[in-house]
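A quick note: this is a predicted structure, and the numbers were derived from the prediction, not measured. Numbering of ligands and ligand atoms starts at 1, following listing order.
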Amino acid sequence: MQTLAQNLTSQAVDASLSQLILTLADTSKAISQAVRHGALAGVLGATEQENVQGETQKKLDIITNEMLKDALKADGTVRGLASEEEDHVVEVSETGQYLVCFDPLDGSSNIDINSLVGTIFSVLPAPTGELSEASFLQQGRAQLAAGYVLYGPSTMLALTTGRGVQMFTLNPETNEYLLTQDAVSISKDTAEFAINMSNQRFWEAPMQTYIADLLLGKIGPREKSFNMRWIAAMVGDVHRVLSRGGLFTYPADNKDPNKPFKLRLMYEANPMALLVEQAGGKASTGYENILDIQPEQIHQRVAVILGSANEVDACLSYHGLDYSQEPDPELG
Ligand code: AFP
């Protein structure tokens, strides 16, 4: 089995990008250790602090954020970074080629119940000139690499550098990531969806009707039964979609009119959308492809509908968009 470093070489990934990916992977090994020790390392529980999102920070949110910041500052290839846990972008060096956006511990509300959590990262090219928040506001299609680490029964790294999606599993004996899937492919159809049903009364009408039709099963317009899952950690739900297909959505809702969306574009939706598209799936807000969004703010939030291509199309048809007739790219 190839190690991560061997796979990056065999994929002819640029040497400096490979170095950055290996730095992120090495840091995830240390995060995995901290997560696995849980209460024994005194890393559970919340702090008195709130992040820019207005969320109470867990101890591990802060610990993992510092671990990633320290590693990226020492890497030498990074110009700047943006984190869910940082109010503003952070300048790292004047010469680095890359910008890194990350959610150091996605699903941190799962930490204290020993459920799935992960790290999500997105690598963008660093533009020339002064670094500011505007330097980061690039469309998702500009990403040079994207991935996540899922701290589950096994620690797994999902990665794309634009050459499809590869999955690596951390060998606990050698502490090496080994290639366990070299060409992840999402099934076009599915009978499984993931959504937080408790928000149902707050969704827009198209999503209410779409989900209601899924729940009608064989007697409804879909004429088949669907299963539902909800992990409350995007990394876990997206990993399931990459592993066995499915539709994951966190749609717009009017529960808090000041915050109609939940998931963050730069370090949740964009990296996950690139992974899903590279694995043959689709990722939309319900009205536009996520990777085409022109970001306006580093912590901006968006609606997300992603997964099996035909099921995303079905959901979009309820939103008045009929992608099923999309011109075949092969025909030019
Ligand atoms: P936390 O990191 O605050 O736990 O949020 C995780 C998340 O951003 C995303 O990973 C989940 O899909 C979503 O929130 C879960 O949201 P609900 O708690 O509303 O189900």
- Option with minimal heavy-atom separation from atom 5 (O) of ligand 1, where the choices are K262, M272, M234: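 Comparing heavy atoms across K262, M272, M234, the nearest one to atom 5 (O) of ligand 1 lies in K262.
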- Between the candidates P104, S108, S115, which shows the shortest non-hydrogen contact distance to atom 1 (P) of ligand 1?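 When every heavy atom of P104, S108, S115 is considered, S108 comes closest to atom 1 (P) of ligand 1.
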Look at [atom] and say which protein heavy atom is nearest, naming residue and atom and giving the distance to 0.1 Å.
atom: atom 2 (O) of ligand 1; value: G107 N, 2.9 Å
atom: atom 8 (O) of ligand 1; value: E268 OE2, 3.2 Å
atom: atom 19 (O) of ligand 1; value: Y250 OH, 2.6 Å

Atoms in ligand 1 flagged as close to [X], the criterion being non-hydrogen separation under 4.0 Å:
X: L263; value: 8 (O), 9 (C)
X: S109; value: 4 (O)
X: R264; value: 8 (O)

- Message: Taking a cutoff of less than 4.0 Å between a non-hydrogen atom of the residue and any ligand atom, is E84 in contact with ligand 1?
- Response: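 The answer is no, since E84 has no heavy atom less than 4.0 Å from ligand 1.
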- Closest heavy-atom contact between L17 and L144?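 For L17 versus L144, the nearest heavy atoms are CD2-O, 3.9 Å.
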- Side chain, backbone, both or neither: which part of V235 comes within less than 4.0 Å of ligand 1 when only heavy atoms are counted?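 Neither part.
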- Item | Structural part of A233 in contact with ligand 1, heavy atom criterion under 4.0 angstrom |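 It is the backbone that touches ligand 1; the side chain stays farther off.
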- Message: Could you check whether Y267 and H299 have their ring centres less than 6.0 Å apart?
- Response: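 Yes, ring centres under 6.0 Å apart.
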- Take D75 and T23, measure what side-chain hydrogen bond (donor to acceptor under 3.5 Å, both in side chains) needs, and give me the verdict at the end. CA-CA 7 Å; D75 182 73; T23 294; 2.4 Å; yes
- Quick one: CD on E311 to CG on L214, what's the gap to the nearest 0.5 Å?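 Rounded to the nearest 0.5 Å, the CD-CG separation comes out at 6.0 Å.
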- Item | Reported OG1-to-OH distance for the pair T209 and Y318, which is rounded to 0.5 angstrom |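 Rounded to the nearest 0.5 Å, the OG1-OH separation comes out at 7.5 Å.
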- Determine, stepwise, if the pair S28 / Y177 fulfils side-chain hydrogen bond (donor to acceptor under 3.5 Å, both in side chains). CA-CA 10 Å; S28 76; Y177 277 111; 2.6 Å; yes
- Query: Can a donor-acceptor pair be found between the side chains of Q143 and N270 at a distance below 3.5 Å?
  - Reply: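 There is no such pair between these side chains.
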- Classify the ring geometry between W230 and F248 as parallel (under 30°), tilted (30 to 60°) or perpendicular (over 60°).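 Correct class here is parallel.
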